[in-house]
Q: 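Sharing a structure here in structure tokens format.
Every number for a ligand or one of its atoms is a count from 1 in the order of the listing.
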Amino acid sequence: MALIVQKYGGTSIAGPERIKKVARRIIDTKKRGNRVVIVVSAPGDTTDELIKTAQQITPSPSEREMDMLLATGEQMSSAFLAMAIHALGEEAVSLTGGQVGIVTDETFTNAKIRRIDTRKIEKELSNDRIVIVAGFQGITAERDITTLGRGGSDLTAVALASVLRADQCEVYTDVAGVYTADPRIVSDARKIDRISYEEMLELASLGAQVMVPRSIHVANKFGVDIHVRSSFSDEEGTVITREVSRMEEVVVSGVAYDKDMVKVAITDVPDRPGIAAKIFGALGKEKVNVDMIIQSSAVGAGVNSISFTVARGALRKTLDTMEKVKQEISAKGIVYDDGVAKVSIVGVGMRTHSGVASKMFSALAQENINIEMISTSEIKISCVIKEKDTEKAVRAIHRKFGLGKAPGKGRK
Ligand code: ASP
Ligand code: MG
């Protein structure tokens, strides 16, 4: 008997009709002779709504109480789903993260899983029940409820699939899988059949909102294959896995974009050792994540300018921190531009192919899009451009690399 872990995202279980539909799919899975463990997210926008209400009470609620609150969203889904399954005549039991034995550290709102005690789940499974676990949550050794960070129910599913040695881990969502580009922007974006953890990690960190990066890390570490698919159809989705063998050699797997960023520049800083260390040391201390960094070379004048990008939400903290170090590094000005975005291409094939970067740049040049910053890694190239050009850029790059649905082109 195979063991299947299925995770259902918030849109898949928003409202009674969708819950009933998911219940039927789960029962079908069981009737095919499988043991089934289900992980659920909070319905629809529940988590956002709860956060909003808390903030109306106080702008800085205690993180412990936030977790106490947010964990209720998933708990609600698990109970609803168990009821729907009962109504169809099958046995099911809903469990919170704590009841399951998902033990985490004490980092409220962003806890790390320490260990999972599988006894409770195994006992319920051996009683022939469908086990429904509230995702995104755990419990500390002191029995405080914790949550695993936004999007954390993906992580619950992957972690459970790993400790239970599940035969399959399916993540049901509102899209049919992972695409070569955002289908809302690129009409001929193509669903990718198989993608490596590495590529998926990059795509997820670069703005493709299919699964949270942390869950891919864990999947990679423990070798859990993840099948991302739609809860609204029976279509096969995308398998995220270690080895991807391809019919033909593919250089670029997908195009991603991220608008949630700001470019900050420090102008006229002296060109001497220790300056960058001061700037980024101060930001590091404030836990600001810096993405791209560019330092223009000082030609003769003895001064540089240093630009970098941060997430939009970190702008305030970044500017405050920069004001503080400004004196120390004798910089003249601090300016920022929040009208920028990042477009990126990802593909393991880049390791063995040259000319990929220039092809991307020429796609942008042909559309008259100016590149403000560039960064590259082994399997990705990113460019910062004007935010208003994002859609045009994504389409142009997608076309240039032949990623679309046109027959005989792109990846198989
Ligand atoms: N409900 C949580 C969130 O919205 C966790 C999840 O959906 O995975 O972030
Ligand atoms: Mg989610």
Q: Side chains of V340 and E387: closer than 4.5 Å at any heavy-atom pair?
A: no
Q: Before signing off on this row, confirm whether K7 and ligand 1 have an N or O atom pair separated by under 3.5 Å.
A: no
Q: Judging by distance only, is a nitrogen or oxygen of S41 under 3.5 angstrom from one on ligand 1?
A: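 N/O-N/O distance under 3.5 Å: yes.
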Q: At the 4.0 Å heavy-atom cut-off, does G10 count as touching ligand 1?
A: no
Q: What I want to check is whether the side chains of H227 and T238 have a donor and an acceptor closer together than 3.5 Å.
A: no
Q: Just which atoms of ligand 1 are under 4.0 Å from any heavy atom in R150?
A: 3 (C), 4 (O), 9 (O)
Q: If a pair satisfies ring-ring contact (aromatic ring centres under 6.0 Å, His included) and one of its residues is in residues 24-54, list it, with sequence neighbours excluded.
A: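 Sorted pair list comes back empty.
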Q: For residues 61-68, please give each side-chain donor-acceptor pair under 3.5 Å, one per line with the distance, not counting sequence neighbours.
A:
residue : atom : partner : partner atom : Å
S62     : OG   : R64     : N            : 3.2
S62     : OG   : E65     : N            : 3.1
R64     : NE   : D144    : OD1          : 2.9
R64     : NH2  : D144    : OD1          : 3.0
D67     : OD1  : T109    : N            : 3.2
D67     : OD1  : T147    : OG1          : 2.7
D67     : OD2  : T109    : N            : 2.7
D67     : OD2  : T147    : N            : 3.0

Q: Hey, is ligand 1 close enough to G151 that some N/O pair sits below 3.5 Å?
A: yes
Q: Can the ring centroids of F280 and F308 be said to lie less than 6.0 angstrom from one another?
A: yes
